[in-house]
Amino acid sequence: MLKKLNALKIKALIFMILLAGGGLAYFYFSSTYTLSTPDYAAAEAFDAVQNRNIRLFKKRINVGAIAQDVIDQAFNDTKLFPNGVPDELKTSLGAQLLTLVKPSLANLLAEQIEGYVETGTLTTETNTANMPQILATLWSDIAGNDPSTTFVLEKVRTGNNKAVAIIALDRADLETHATIEANLSKESGTWQVTSIANLNEVLQEFKELTAIKKEEQRAETLNRMINILKASTPELTKGKEPWPKNPKAYLKLGFENAGDQAVVSVVYKVVFARTTGGILKEVTFKENSFIDVNELFEKTVSLNFDPNSIIDAEVYNTPAEELEITVLPISITFADESTLSTQE
């Protein structure tokens, strides 16, 4: 259940939660307000984070409540349980298990937050090595490539002894603007940040945009590889025996290195599709050969067909004029050990 989560992602998690508390004061810090307002509570929360004042931080940020709220929302996340809560967790035993697990996760999260406020760094290496998978799943998308994020408090809505801080959050790496709603409540005369109302919605937006960005980057990398290692038109030669008797076929391939450095390895896939549309079969190959700049490398590979496969039979029996064969690189390794890849 455990998975190593690097310090960048944990810091991003802590940043998001501190954002709901500490960030509230940024806009109002120079304003005039009284000691009993949520604005003043936000200012103190900001000051506590800036000055590593854990006592004041705990006064203005209900760390336990926020951590528990984050965990509760995590278990409601559709990415965590895309097909609904598993049946084994719906049983009385499963319910007891959740009852035990959730507080432990919340306590771990609260410890990380407080440790960061006190020191400005992660407290121990153990904390980064033993982060449960649920937190890794929840927060892996929030960090991106750069956890630095700009934020501005737009307004604070008050009423019925409660307040909601509306925070504008800009993720430059995703080129997006989101809005965080941080709930403050007044208990025993003290305003505290107690939860992030729309955490799941913001995370889902970031997940979707991250997926789009990754696909754009994958397409860009694929286009670069296609232009570096130019594939010639594949030539398919089939055996003379009718299917399914001894189904043999050979594919002649060629790659011209149009890049500026030698290639030492290439992983590529051959895609068989009908000219009218619809992919029939994909086959992956790896070639460990030195291909110098401007060199044309040619090779004939054997295709293995399963006589019992309906798909293989369709590929084998489709007339050449109705079959489209495409060669696409998956990864390229260069002589200097650098790589390009569409795989994560």
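Only this structure's heavy atoms are used, side chains among them; waters, hydrogens and symmetry mates stay out. None of these values were measured; they are calculated from a predicted model.
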For Asn223 and Ala219, indicate whether the former's side chain and the latter's backbone hold a donor-acceptor pair under 3.5 Å.
no
Side-chain heavy atoms of Thr326 within contact of Val270, under 4.5 Å
no
Can you tell me if Glu295 uses its side chain to pair, donor with acceptor, with the backbone of Asp292 under 3.5 Å?
yes
Identify the two heavy atoms, one from Ala249 and one from Leu236, that lie closest to each other, and give their separation to 0.1 Å.
CB-CD1, 4.1 Å
Compute both the distance and the angle, then confirm whether Lys286 meets the cation-pi test with Tyr268: under 6.0 Å from the six-membered ring centre, within 45 degrees of the axis.
no
Indicate the atoms forming the closest heavy-atom contact of Ala335 with Gln261, along with that distance.
N-OE1, 4.3 Å
Under 3.5 Å, side chain of Ser338 to main-chain N/O of Phe334, donor-acceptor pair present?
no
For the residue pair Ser289 and Glu287, confirm or rule out a side-chain donor-acceptor distance under 3.5 Å.
yes
Between Phe297 and Phe255, what is the ring plane arrangement, given parallel below 30°, perpendicular above 60°, and tilted in between?
parallel
For Val327 and Pro234, which heavy atoms make the closest approach, and how far apart are they?
CG2-CG, 3.6 Å
Least distance between heavy atoms, Ala262 atom then Asn257 atom:
CA-ND2, 3.8 Å
For Asn183 and Ser195, does a side-chain donor sit closer than 3.5 Å to a side-chain acceptor?
yes
May I ask you to check whether over 12 heavy atoms, not counting those of Glu220, lie within 6.0 Å of atom CD?
no
Assess the side chains of Thr176 and Glu205: does a donor N or O sit below 3.5 Å from an acceptor N or O?
yes
Taking Asn51 for the side chain and Asn53 for the main chain, is one N or O donor matched with an acceptor at less than 3.5 Å?
no
Verdict with reasoning, Leu323 to Thr275, per side-chain contact (heavy atoms from CB on, under 4.5 Å)
CA-CA 6 Å; Leu323 190 64; Thr275 54; 6.0 Å; no
Side-chain heavy atoms of Ser331 within contact of Val267, under 4.5 Å:
yes
Going by an N to O cut-off under 4.0 Å, is there a salt bridge joining Glu256 and Lys230?
no
Asp312 and Ile310, any side-chain heavy atoms less than 4.5 Å apart:
no
Test side-chain contact (heavy atoms from CB on, under 4.5 Å) applied to Glu282 and Lys269, step by step:
CA-CA 6 Å; Glu282 295 183 358; Lys269 65 179 178 180; 3.7 Å; yes
Around Glu337, counting heavy atoms of other residues, nucleotides and ligands shown, do more than 12 lie under 6.0 Å from its CD?
no
Arg274/Glu324 salt bridge by N-O under 4.0 Å criterion
no
For Met225 and Ile330, work out which heavy atoms get closest and say how close.
CE-O, 3.5 Å
Should Leu56 and Leu184 be counted in the same cluster of Ile, Leu, Val, Met, Phe, Trp and Tyr side chains packed under 4.5 Å apart?
no
Show the nearest heavy-atom pair for residues Lys238 and Thr318, with the distance to one decimal.
NZ-O, 2.9 Å
Apply the test side chain to side chain donor-acceptor pair (under 3.5 Å) to residues Asn288 and Ser265: give CA-CA distance (whole Å), side-chain angles for both, the deciding distance (0.1 Å), then the verdict.
CA-CA 4 Å; Asn288 294 318; Ser265 178; 2.9 Å; yes
Quick one: pull up OG1 in Thr342 and CZ in Arg224 and give me the separation to the nearest 0.5 Å.
12.5 Å
Step by step, work out the side-chain contact (heavy atoms from CB on, under 4.5 Å) result for Lys252 and Thr237.
CA-CA 8 Å; Lys252 184 179 179 180; Thr237 302; over 6 Å; no
Assess whether a salt bridge exists between Glu314 and Lys281, defined as any Lys/Arg side-chain N lying under 4.0 Å from an Asp/Glu carboxylate O.
no
Is the number of heavy atoms from other residues, nucleotides or ligands under 6.0 Å of Ile311 CD1 greater than 12?
no
Expected output: side-chain Asn317 to main-chain Ala313 donor-acceptor under 3.5 Å
yes
